[in-house]
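The block underneath contains the structure these notes are about, expressed in structure tokens.
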Amino acid sequence: MTHSLPIQDIASFIADPVEPADFPTLTLRYWNARWAEETGLSDLQEPDQLSHFGRFAPLANNLPQPLALRYHGHQFGVYNPQLGDGRGFLFAQIQDTEGRWLDLGTKGSGQTHWSRQGDGRLTLKGGAREILAANYLEAHGVNTSKPFALIETGESLHRNDEPSPTRSAVLTRLSHSHIRFGSFQRLAYLEQTEDLARLVDYCVCYFHPEADDPDMSQKTVNLLAAISNATGRMIGQWMATGFVHGVMNTDNFNITGETFDFGPWRFLPVSDPNFTAAYFDQQGLYRFGRQPLQGGWALQQLASALLPLADAESLAGGLKPYEQAYQQSFIAHTHALLGLEPLGDANSDTEFLQAFYAWMTNSEASWPQTFFDWFCGRESEPRAAASPQANLYRQDAFTPVREAIIARKPTRPERLAHTYFQGVHPASLLVDDVESLWAPIAERDDWSDLQAKLDHIEQARQAFAWRTEPGNIRLP
Ligand code: AMP
Ligand code: MG
């Protein structure tokens with residue numbers, strides 16, 4: 001390696017070099033051309049794509065060997081000091097066209113020191129599910145990790161939650177850091193206070209420069225505040241998109257507020273606060289309606305891990321931004337997905353959301369269809385009248401919701417002219433959609449339905465035409 005990478009500041013205490021698995025065959029199934037462009041990797045042709053993202057030959061001037069990251073975390077509320085990258089590693093660090101540092105991290109790349117009983121592998125279906133969900137989230141303006149390459153690897157795997165044997169794959173994804181709340185928890189647990197301070201320095205330097213301060217305890221509090229903000233913003237976006245993450249363990253929270261590690265993800269078919277995504281979440285701890293609370297709980301665990309560096313009272317102040325960031329994001333993102341400008345008066349906007357979501361729950365209207373039908377509000381009245389669920393919009397219960405919608409100014413209504421909004425159905429990703437996309441792949445290796453869905457999602461992304469501000473934050 002000829003020049004230094006950010007991770008080298010902290011690798012000695014947060015990571016271990018590991019070997020990738022040696023897979024019997026490699027078949028490219030997905031390549032994210034748009035993000036390859038953003039990261040300067042668009043020149044790679046298929047043999048190099050397979051070599052770097054299937055065999056993990058190092059990228060030029062990058063990590064000479066993959067690094068498995070060490071971390072701990074609360075899983076379903078129980079502290080687990082045995083975690084760490086058990087089937088993934090950090091492969092490379094790279095800057096995008098905005099100068100943001102992105103990690104290329106893997107899932108399914110082989111066993112590591114942290115694999116415990118696991119095989120270190122990912123199922124092809126799991127990889128396909130992640131590609132769909134992450135693209136959908138990105139298209140809907142949610143801050144998320146990006147799938148980069150998916151390569152089928154020719155092994156047979158056994159899983160409880162899939163018909164087995166099932167096919168294997170390795171996924172590489174782009175993520176604006178892989179530092180988890182659990183990365184801090186581990187250093188606090190092991191009482192490595194100096195390393196904890198160095199991890200704070202790393203996060204501030206490369207991911208939250210606005211938190212910088214010459215005083216270490218102030219810097220720590222500022223970092224916590226920045227992470228609280230980013231997390232609140234992310235969860236507000238989830239709630240407006242009807243996204244159920246599924247496993248909100250503290251090792252699955254990134255310091256940049258990027259959605260990741262959402263294996264059992266679901267999108268709501270209809271508004272239902274009790275909807276639970278993971279079959280193994282029997283208590284519904286991570287059910288849809290608990291996600292905002294759970295985000296706050298995870299942040300509290302992070303704050304506890306930072307106690308060696310700042311006093312409890314100041315850290316409590318660092319948690320404060322969460323609630324407001326969440327509320328603002330939920331309001332802003334609901335409006336953005338409806339193509340509407342908020343009135344700007346917090347009470348009226350909150351009342352609108354309450355009325356809107358109460359109607360969604362009571363009427364059992366399709367979540368994705370409702371947002372699609374009413375995009376840009378009053379401009380969409382004729383479209384809504386032709387919707388498959390137009391009968392719901394004619395019921396009296398909808399009247400106050402309709403009034404609130406048409407009272408709001410459409411944002412950039414020219415977007416309605418996009419082909420995407422000329423269709424009758426949105427690019428939804430409900431569980432039945434996903435199963436029906438998987439069936440032709442499983443039966444006859446036919447990927448055309450999945451590709452058509454990705455194309456439809458890409459249309460949605462272009463139709464919403466999110467504007468970005470530095471840090472790649474999407475604006476309506
Ligand atoms: P996750 O549910 O993906 O966040 O994973 C939780 C922990 O279990 C992490 O330490 C993973 O690396 C590990 N893990 C999950 N599945 C496997 C697997 N098939 N083989 C090895 N480790 C795994
Ligand atoms: Mg995880």
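Both backbone and side-chain heavy atoms feed into the values below; hydrogens, waters and symmetry mates do not. What you see is a predicted model, and the numbers here were worked out from it, not measured in a lab. Remember, it's 1-based here, ligands and their atoms both numbered in the order they're listed.
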Would you mind checking which non-hydrogen protein atom is closest to atom 13 (C) of ligand 1, with the distance to 0.1 Å?
R116 NH2, 3.8 Å

Regarding D16 and R70, does a basic nitrogen lie under 4.0 Å from an acidic carboxylate oxygen?
yes

Residue and atom name of the nearest protein heavy atom (relative to atom 12 (O) of ligand 1), distance in Å to one decimal:
G86 N, 2.7 Å

Run the contact test for Q82 against ligand 1 with a 4.0 Å cut-off on heavy atoms, strictly below, and give the result.
no

Provide the atom name of the closest N, O or S atom of D261 relative to the Mg ion (ligand 2).
OD2

Return yes or no for this condition: an N or O of W114 is under 3.5 Å from an N or O of ligand 1.
no

Relative to each other, are the rings of F372 and Y420 parallel, tilted or perpendicular (30° and 60° limits)?
perpendicular

So, does D85 use its side chain to make a donor-acceptor pair with the main chain of A68 at under 3.5 Å?
no

Whether over 12 other heavy atoms sit under 6.0 Å from Q65 CD
yes

R34 bridged to E37 by N-O distance under 4.0 Å:
no

Salt bridge or not for R198 and D201, using N-O below 4.0 Å?
no

Ligand 1 to L83 polar contact by distance, N or O atoms, under 3.5 Å
no

Do the charged groups of R167 and D445 touch, with an N to O distance under 4.0 Å?
yes

Considering non-hydrogen atoms of the protein only, which is the closest contact for atom 6 (C) of ligand 1, and what is the distance?
Q75 NE2, 3.9 Å

Decide whether the shortest distance between a heavy atom of G120 and an atom of ligand 1 is less than 4.0 Å.
yes

Counting only heavy atoms, which portion of R180 has something under 4.0 Å from ligand 1: side chain, backbone, both, or neither?
neither

Taking 2.8 Å as the cut-off, does an N/O/S atom of N252 lie below it from the Mg ion (ligand 2)?
yes

Atom 16 (N) of ligand 1: nearest protein contact (heavy atom, Å):
R87 NE, 3.1 Å

Quick test of your reading of the model: are D119 and R87 salt-bridged, counting only N-O distances below 4.0 Å?
no

Is it true that, when you exclude E364 itself, more than 12 heavy atoms of the residues, nucleotides or ligands shown sit nearer than 6.0 Å to its CD?
no

Pick one of side chain, backbone, both or neither for how D251 approaches ligand 1, counting any non-hydrogen atom pair under 4.0 Å.
side chain

Where the closest heavy atom to atom 19 (N) of ligand 1 is concerned, which of D261, D119, V247, L122 has it?
D119

Hey, can you tell me if F330 and Y326 have their rings parallel, tilted or perpendicular (30° and 60° cut-offs)?
parallel

Within the supplied structure, the quantity of interest is the number of heavy atoms (other residues, nucleotides, ligands) at a distance under 6.0 Å from N274 CG; does it exceed 12?
yes

Please classify the Q111 to ligand 1 contact at 4.0 Å (heavy-atom distances, strictly less than): side chain, backbone, both or neither.
neither

Please list the nearest protein heavy atom to atom 2 (O) of ligand 1 with its residue and the distance rounded to 0.1 Å.
N252 ND2, 4.7 Å

min-distance protein heavy atom vs atom 9 (C) of ligand 1 -> G84 O, 3.6 Å

For R159, take its heavy atoms, then give the atoms of ligand 1 lying under 4.0 Å from any of them.
19 (N)

